Amino acid sequence: MQLSTTFALLAAAVPYALAQAQVWGQCGGIGFTGPTTCVAGSVCTEQNSYYSQCLPSSAAPPPPPSSAPPAPTTTASSPAPSGSGLNSLAKAAGKLYFGTATDNGELSDTAYTAILDNNKEFGQLSPANSMKWDATEPTRGTFTFSGGDQIANLAKANGQLLRGHNCVWYNQLPSWVANGQFTAADLTTVIQNHCSTLVSHYKGQVYSWDVVNEPFNDDGTWRQDVFFNTLNTDYVAIALKAARAADPNAKLYINDYNIEQTGAKATAMLNLVKQLLADGVPLDGVGFQCHFIVGAVPSSFQTVLEQFTALGLEVAITELDIRTTTPASQSALAQQQKDYQTVVQACMNVKGCVGITIWDFTDKYSWVPSTFSGQGAACPWDQNLVKKPAYNGIVAALSA
Ligand code: XIL
């Protein structure tokens, strides 16, 4: 469809759309030329000088005493008590942390870091890229830790836990690994040296490491990568043992996606961890990435978490985001609020689920749009660093 036709249709369908901003819509800010009044039941609230937003009246700060009319009642959920944050709520509820991924390029954005650094909101950081193999050992035996160190040091300065991500993964490998024609013995040494050097470097600073990331295909078969093709399944134990020796106090995890519902892939992961435990291989936890789609969060998630904790392992939500078609509709954002609540509630209901990490907190820096065409709006804060309804869904689960 022509762009002009789209506009014409939109204009015809919502003739008064520009008169008042919708709930959660923008209603002011430097350079903003749209409507500056909000629909009934919402209040235009300044978030920063560049962005004012229509918040449901119950969510907006109370008006000054003299400015009279009582706020209309609304069905929108209440915000967290002031002064609380996601991590504070998670800890009050017995979890270790509520955290977020971040990336080095984002750390010069001071509006972003003002939120990231608030340990009431986030008690844990994961580096989205800078501890991966291509970043840390781009050529054999030459290690670069500057990016990872920046995030490790930030977590330390902020009083936040750190998840290491990751030692062994088929993706973001330097070509000397991905295309190396290794013998089994040679690749064993390569893995041992990489995991050992990486994990030793951050010894004492990391709560948990994703030692092995994404070992399975969606049908539960093993991913055919350089590790499996050269060492069969042995690479998993090789990496875990090297990591344990390098930092005996770090919790060692295997991390994957699409294991959040009962089915072939979750069963494959269960069978792998049972075998590793039976073999005495060091393993402490399983990470559930939870890259979900609005309206399609798996109903068996809690059941699966319990299947893993029943084996004596801890579990964690490690990369949560819930994407939708962009631009996101009001109803999608409302469903997303419910979906975030459902997912966080599953972790809350399982004692061995130690924490929740979102895969960055703002749509401004989400990996989703560049990976899933036409999809985005997956995070609890929007492009303008303003909380979305999803935030209240998380709060509701953490405070239930
Ligand atoms: C993503 C990063 O967020 C992106 O910046 C990068 O371009 C690709 O990788 N599963 C994982 C993460 O385990 O490492 C991925 O992170 C997202 C999917």
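Computation of the quantities below employed the complete heavy-atom set of this structure, encompassing side-chain atoms and omitting hydrogens, waters and symmetry-equivalent molecules. In each ligand, atom 1 is the first atom listed, and ligand 1 is the first ligand listed. Just so it is clear, the model here is predicted, and its values are computed rather than measured.
Near Trp169, the atoms of ligand 1 lying under 4.0 angstrom from a non-hydrogen atom of the residue are 14 (O). Within ligand 1, the atoms closer than 4.0 Å to a non-hydrogen atom of His165 are 11 (C), 12 (C), 13 (O), 14 (O), numbered from 1 in the order shown.
The SG atoms of Cys167 and Cys195 are placed at least 2.5 angstrom from each other.
In this structure, Asn392 and Gln337 have side chains that are in contact, with non-hydrogen atoms separated by less than 4.5 Å.
For atom 15 (C) of ligand 1, the nearest non-hydrogen atom from the set Lys132, His291, Gln172 belongs to Lys132.
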Full working for side chain to side chain donor-acceptor pair (under 3.5 Å) between Tyr112 and Thr102 | CA-CA 10 Å; Tyr112 170 86; Thr102 188; 2.8 Å; yes
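Closest protein heavy atom to atom 10 (N) of ligand 1: Glu319 OE1, 2.9 Å. Of the protein's non-hydrogen atoms, the one nearest atom 6 (C) of ligand 1 is Asn129 OD1, 3.4 Å.
Looking at Arg140 and Asp186, a side-chain N of the basic residue comes within less than 4.0 Å of a carboxylate O on the acidic one, giving a salt bridge.
Within the 4.0 Å heavy-atom cutoff, Trp359 counts among the residues contacting ligand 1.
Aromatic rings from Trp222 and Phe216 are positioned such that their centres are separated by under 6.0 Å. Trp381 has its ring centre less than 6.0 Å from the ring centre of Phe122.
Residue contacts with ligand 1, taken as heavy atom pairs separated by less than 4.0 Å, involve Asn213 solely via side-chain atoms from C-beta onward.
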